[in-house]
Number of protein chains: 2
Amino acid sequence: MDDIARHVGLSRTTVSFVINGRTDVQISDKSRQRVWDAVKELGYRPNAGAQSLASKRTNLIGLITDITASPFGGGIIHGAQKAAWELGKLLLIVSSEGDSAMESAALEMLLGRRIEGVIFATQSHRLITLPDSASEVPTVLVHCFDQARAFPSVLPDEISGGYIGTRRLIEAGHRRVALINLDPGLPATVGRQIGYERALAEAGIPVDPRLIATGHATATGGFQCTAALLELEQAPTAIFCGTDRMAMGAYDAIKERGLRIPQDIGVVGYDNQEIIASFLRPPLTTVALPFDQMGAAAIGMLAALASGATGEQLILSGPLIERASA
Amino acid sequence: MDDIARHVGLSRTTVSFVINGRTDVQISDKSRQRVWDAVKELGYRPNAGAQSLASKRTNLIGLITDITASPFGGGIIHGAQKAAWELGKLLLIVSSEGDSAMESAALEMLLGRRIEGVIFATQSHRLITLPDSASEVPTVLVHCFDQARAFPSVLPDEISGGYIGTRRLIEAGHRRVALINLDPGLPATVGRQIGYERALAEAGIPVDPRLIATGHATATGGFQCTAALLELEQAPTAIFCGTDRMAMGAYDAIKERGLRIPQDIGVVGYDNQEIIASFLRPPLTTVALPFDQMGAAAIGMLAALASGATGEQLILSGPLIERASA
DNA sequence: TTGTAAGCGTTATCAT
DNA sequence: ATGATAACGCTTACAA
């Protein structure tokens, strides 16, 4: 920067003003132009670290997550990254492997880098315990929540998801709609069932407990539940699966019985895992989680927190992705 | 840091030495202890940015990639992250969306942060064009290469992959092994076919061109190719698919004809996409890409470059993941 | 074994 | 409209 200043015969101060495009200082257009020319000519590139040190703004945001290892929920990173970029912030992503000692260590090092905020994101909707140092910096939780629900968080609307999936099946003419839910007690499980029952109630269909199964979130889980449901005396004509993986298993069980999708049995999945949903035959209609928006929203909340806003809880609902199974 | 120094009645210098654990300076154990105690007590945390500014080492490595958006190849990030962490380096990950203007902008900003090296990683094995500024900093390419092959790179061993997949099928007793390859001309396509032919040659099986198909890397592509292959007069008894997605389609075509896997037809996939491979029925035996190692190797190469090594080209081969389809 | 002092590359506060 | 000068929080010769 000194070089630039010397080169154009101005002071460092002036150069700094020009480069930062400050409008509150009067600098002649001629000087401005000369500075920029020199910048080009000398190939000058401001040192962000030095800027941070002097200005006390690092423009760094931490993202601690267990997502990088898995194919799941990458949209969160994606959405956050994009939103951060637009705000001129850089995301420092650290994968915690879901290990809380690691999370703690990661946060320490990020605090050493003087991040202005931190996001904790998980690949499944669940409870986490935060490192103590989380209270030292604005914190937002994505797809997870802390015991005391003390931190602002961005969560998917499980109820709405359960509702729209079920309603889609009802609209297709089904009255006996089964729900293959995830393991009991999970936030997703609870919420989706509420949505499911709400949709049935709205259509005047009584809830039949025999049509509600729970299983592991795997193809095998889906296969077994579906097989059992199809054995029922009054078997369902539609099945709403808790995950696309389960739907994958459901397809097998259905095809094995020579039934066709969606003519004989309608199927709706959950998660919109492209890789499964769009390559299943027929392509799977499924409820998507709004991962991108969740990530972006987290950045937005952090920005809001920085300007004095108070932390809320944001519930985002995802759309139904129509393909061909319902 | 001044606070610490004052608190223990020593100079900043001494405190700095203690904190950096410098062994080339003699400092009494007593002083050391007192410094650490004060650090704890005052909750002091070194400012990494200031350290970088003074020491001219940022410990920052850039990773520009199109991977974050997709479920694919996340292992690269994972492996790189882990390796970097162990070296005390922080990975600055930016997703380029595969857009080269974006890549350029990302690199500019990373250079502003004074990264000590940069990694370009892609989700598919392909050619990329690097921003000009790439020459300003040590650069390593992962899963991709530049026109002039001027930059050191880490690539998967496509030949070995083609070889081990084919050999597995031959070892299972098959003599008519089909290859459903990816679109012609891709590095993966070419390499794998070489490996395929090598395995056949080794077993004394002549290459039958009718058994070599190419299609799009989708379930539909796999389905169509498989269907055509099974119509052949001398149909194959084993199929080696270019991707797990294609294998997914192959499964459908095979099952549709009432054939069983692996009893009637052996299938091997490529990619080891957990989500597909382990949930297909039967679980898919497939060739894995060594993404984790590739990411870690890239960090290793960057470290080597920093200590004066010259850039090579590293070819890493992945293992065959045995499940139940062959 | 410890301390002094000069940077590192910026921004920010005042002057002029 | 522009410039001096003092931070920012640390490292590192060089001295003592």
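Each chain gets a letter, A, B and so on, in the order its sequence line appears, and its residues count up from 1. No experiment lies behind these values; they were computed from the predicted model shown.
- Counted by atom type alone, B:Thr14 and B:Ser11 present one or more donor-acceptor pairs between their side chains at under 3.5 Å.
- Within a heavy-atom distance below 4.0 Å of DNA chain D, the residues of residues 8-15 of chain A found are A:Gly9, A:Leu10, A:Ser11, A:Arg12, A:Thr13, A:Thr14.
- In terms of the ring-ring contact (aromatic ring centres under 6.0 Å, His included) criterion, residue partners of B:His125 (sequence neighbours excluded) are, by chain and number, B:His143, B:Phe145.
- A straight line from CD1 of B:Ile19 to P of D:dC10 spans 8 Å, rounded to a whole angstrom.
- The stretch residues 32-41 of chain B does not touch DNA chain D, since none of its heavy atoms comes less than 4.0 Å from the strand.
- A heavy-atom distance below 4.0 Å to DNA chain C is reached by these residues of residues 45-55 of chain B, ordered by number: B:Leu53, B:Ala54.
- Here the closest non-hydrogen pair linking B:Leu302 and B:Pro138 is CD1-O, 3.8 Å.
- Listed for the B:Arg114 side chain is a donor-acceptor partner under 3.5 Å among the backbone atoms of B:Leu111.
- A:Thr65 contributes no side-chain N or O that, together with a main-chain N or O of A:Ser95, makes up a donor-acceptor pair within less than 3.5 Å.
- You'll find the side chain of A:Ile19 reaches within 4.5 Å of the side chain of A:Tyr44, heavy atoms only.
- In this structure, B:Tyr44 atom OH and D:dG9 atom C1' are separated by 7 Å, rounded to whole Å.
- Under 3.5 Å, the side chains of B:Asp37 and B:Gln33 contain a donor-acceptor pair of N or O atoms.
- In terms of the side-chain contact (heavy atoms from CB on, under 4.5 Å) criterion, residue partners of B:Asp2 (sequence neighbours excluded) are, by chain and number, B:Arg6, B:Arg12.
- By the 4.5 Å heavy-atom criterion applied to side chains, A:Asp271 and A:Leu289 are counted as neighbours.
- Side chains of B:Glu312 and B:Pro152 form no contact here, defined as non-hydrogen atoms less than 4.5 Å apart.
- Between the A:Asp66 side chain and the A:Gln123 main chain, a donor and an acceptor come within less than 3.5 Å of each other.
- Using a 4.0 Å heavy-atom distance criterion, A:Asp2 is classed as making no nucleic acid contact.
- The span of DNA chain C lying next to chain B, judged by atoms under 4.0 Å from heavy atoms, is bounded 5' to 3' by C:dT1 to C:dG9.
- For residues 84-91 of chain A, proximity to DNA chain C is found at no residue, defined as any non-hydrogen atom under 4.0 angstrom from a strand atom.
- B:Ala306 meets the side-chain contact (heavy atoms from CB on, under 4.5 Å) test with no other residue; sequence neighbours excluded.
- For the contact set between residues 109-117 of chain B and DNA chain C, defined by any heavy atom under 4.0 Å, there are no members.
- Helix-axis bend for the helix from C:dT1-D:dA16 to C:dT16-D:dA1: the local axis fitted to the five terminal pairs at one end deviates from that at the other end by 30°, rounded to 10°.
- The nearest whole Å value for the distance from the CG atom in B:Asp24 to the P atom in D:dC14 is 14 Å.
- Here B:Ile67 contributes atom CD1 and B:Ile76 contributes atom CD1; the two are 4.0 Å apart, rounded to the nearest 0.5 Å.
- Atom CZ of B:Phe17 and atom P of D:dC10 are 15 Å apart (whole Å).
- Atom CD1 of A:Ile128 is separated from atom CG of A:Leu141 by 4.5 Å, given to the nearest 0.5 angstrom.
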Review item, side-chain donor-acceptor pairs of residues 79-90 of chain A, under 3.5 Å, at least two apart:
| from | atom 1 | to | atom 2 | distance (Å) |
| --- | --- | --- | --- | --- |
| A:Gln81 | NE2 | B:Ile93 | O | 3.4 |
| A:Lys89 | NZ | A:Asn59 | OD1 | 3.1 |
| A:Lys89 | NZ | A:Glu116 | OE1 | 3.3 |

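- At a threshold of 4.0 angstrom between heavy atoms, the contacts of B:Ser28 are confined to the sugar-phosphate backbone, with no base atom among them.
- In this view, A:Arg45 and B:Glu108, B:Glu136 satisfy the side chain to side chain donor-acceptor pair (under 3.5 Å) rule, not counting sequence neighbours.
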